[in-house]
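Following: one structure in structure tokens, then a few remarks.
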Amino acid sequence: MAQAPAPNIYFGSRTDVGCQRERNEDSLIVSPPLFVVADGMGGHKAGDVASEVAVNTLSALAPTIPDVDLLGRAVESANHAVITEAQKAGREGMGTTMTACVIQGEKIAIAHVGDSRAYLLHSGKLQQLTRDHSWVADMVEQGHLTPEEARVHPSRSAITRALGSDPYMQPDLYEVTASEGDRLLLCSDGLTGMVDDGSIQAMLARVRDPQRCAAALVNEAIANGGADNITVIVVDITGTNAKAERRERRRSRMWMIVLMLALAGIIAGAAFAAYNWMQSSAYLIEENGKVVVYQGIPDSIPGIETHWLVRETDVNVDDLQPSAQTHIREGLVVDSLDDAEHLVSEYERQVKEDAAEKMARGKTVVSSSAASSSSSKSETAAKK
Ligand code: CA
């Protein structure tokens with residue numbers, strides 16, 4: 001199973017003694033963002049001590065960001081630690097290679113000494129990122145050997161730079177910007193001596209899970225003879241934190257737009273409802289002493305037609321009940337034109353009734369005075 005203790009870093013690793021060695025002198029670090037392969041050498045137990053001292057020192061001193069200078073200095077410190085250890089009895093001449101990477105998103109810092117390698121699989125193509133510090137690599141560069149001849153050359157293990165001997169040793173430093181979907185491979189020469197680049201490329205491209213891929217590469221080296229210790233680290237480059245943050249920002253921006261659209265929709269809906277209500281409303285108001293009917297609302301809104309005259313009625317505002325007069329003079333808003341017309345009819349009825357009542361009252365007054373006079377007459381008559 002691939003481990004994933006840090007976000008955006010998926011990796012697998014495997015180390016194996018191989019088929020012909022008694023001890024595994026390779027050491028490795030798989031501790032994101034740090035990945036290291038060290039291939040120790042030296043008699044007796046010295047090889048594994050050298051690689052172990054080197055990785056322990058690096059583990060303590062390596063930067064947590066892909067700063068190639070800081071990583072280089074950590075490798076120099078590891079060199080001094082191995083030199084100090086090599087001064088102890090029985091450990092003379094021990095040394096180790098070191099290929100160290102710090103990965104953050106798509107940025108990779110590499111410090112490299114010896115013939116362990118870093119490769120990058122980019123768009124299905126394998127690129128060797130590091131240059132071997134070995135005699136055969138020099139021969140290939142000078143055109144005396146082909147890469148394939150170098151791979152199987154009897155002197156292929158002779159390295160020209162290592163940790164553990166020269167206090168002024170400096171690692172080669174590389175800053176690499178990979179792409180999402182790329183795959184980083186770190187390995188000791190127990191892999192590259194047994195498996196050619198074409199097969200490594202095919203395996204990296206075919207086996208998706210990084211842990212299975214690391215195991216498959218080691219198994220292939222063993223199947224081809226396993227002459228040396230084999231160590232493989234496969235790291236998938238799955239995109240930068242910045243990229244993830246950008247994605248997150250894009251997502252929240254999108255949500256904000258959706259929210260704003262929803263809000264705008266609600267506001268537009270409310271505005272539409274308000275406009276509809278305004279259009280269907282009606283009101284009664286006094287003009288020239290008469291009650292007139294308007295459609296809309298009495299208030300004015302700039303740029304919007306809020307009301308228009310429907311008709312002038314024959315109802316005199318002065319003839320209405322005092323409370324109705326006040327309402328009409330202020331402008332009496334109703335829900336619809338129908339309601340307005342109902343009200344007008346009601347006013348007409350009231351005015352008619354009031355007039356009839358007034359008239360009736362006038363008659364009553366007249367008839368009662370007639371009655372009283374007649375009664376006084378009758379009284380008179382009675383007195384008579
Ligand atoms: Ca080796």
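The residues of the chain are indexed from 1 along the displayed sequence. Ligands are counted one by one from 1 in listed order, and the atoms in each one are counted from 1 as well. Both backbone and side-chain heavy atoms feed into the values below; hydrogens, waters and symmetry mates do not.
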Let me have the donor-acceptor pairs involving side chains of residues 259-279, under 3.5 Å, with sequence neighbours excluded, atom names and distances please.
residue, atom, partner, partner atom, Å
Y275, OH, Q279, NE2, 3.2

Practice task
Taking both backbone and side-chain atoms into account, decide whether D26 has an N/O/S atom under 3.0 Å from the Ca ion (ligand 1).
Solution key: no
Handout entry: Backbone or side-chain N/O/S of D189 under 3.0 Å of the Ca ion (ligand 1)
Key = yes
Fill in the blank from the handout: Value for CG (L204) from CG (L217), rounded to nearest 0.5 Å, stands at 5.5 Å
Practice task
Could you tell me how the ring of Y283 sits relative to the ring of Y294: parallel (under 30°), tilted (30 to 60°) or perpendicular (over 60°)?
Solution key: parallel
Exercise for the section: Give the other cluster members for L173, using side-chain heavy-atom distances under 4.5 Å between Ile, Leu, Val, Met, Phe, Trp and Tyr residues; answer none if it is isolated. Expected result: V68
Fill in the blank from the handout: Which atom of D228 is nearest the Ca ion (ligand 1), counting N, O or S only? It is OD2
Handout entry: Backbone or side-chain N/O/S of D39 under 3.0 Å of the Ca ion (ligand 1)
Key = yes
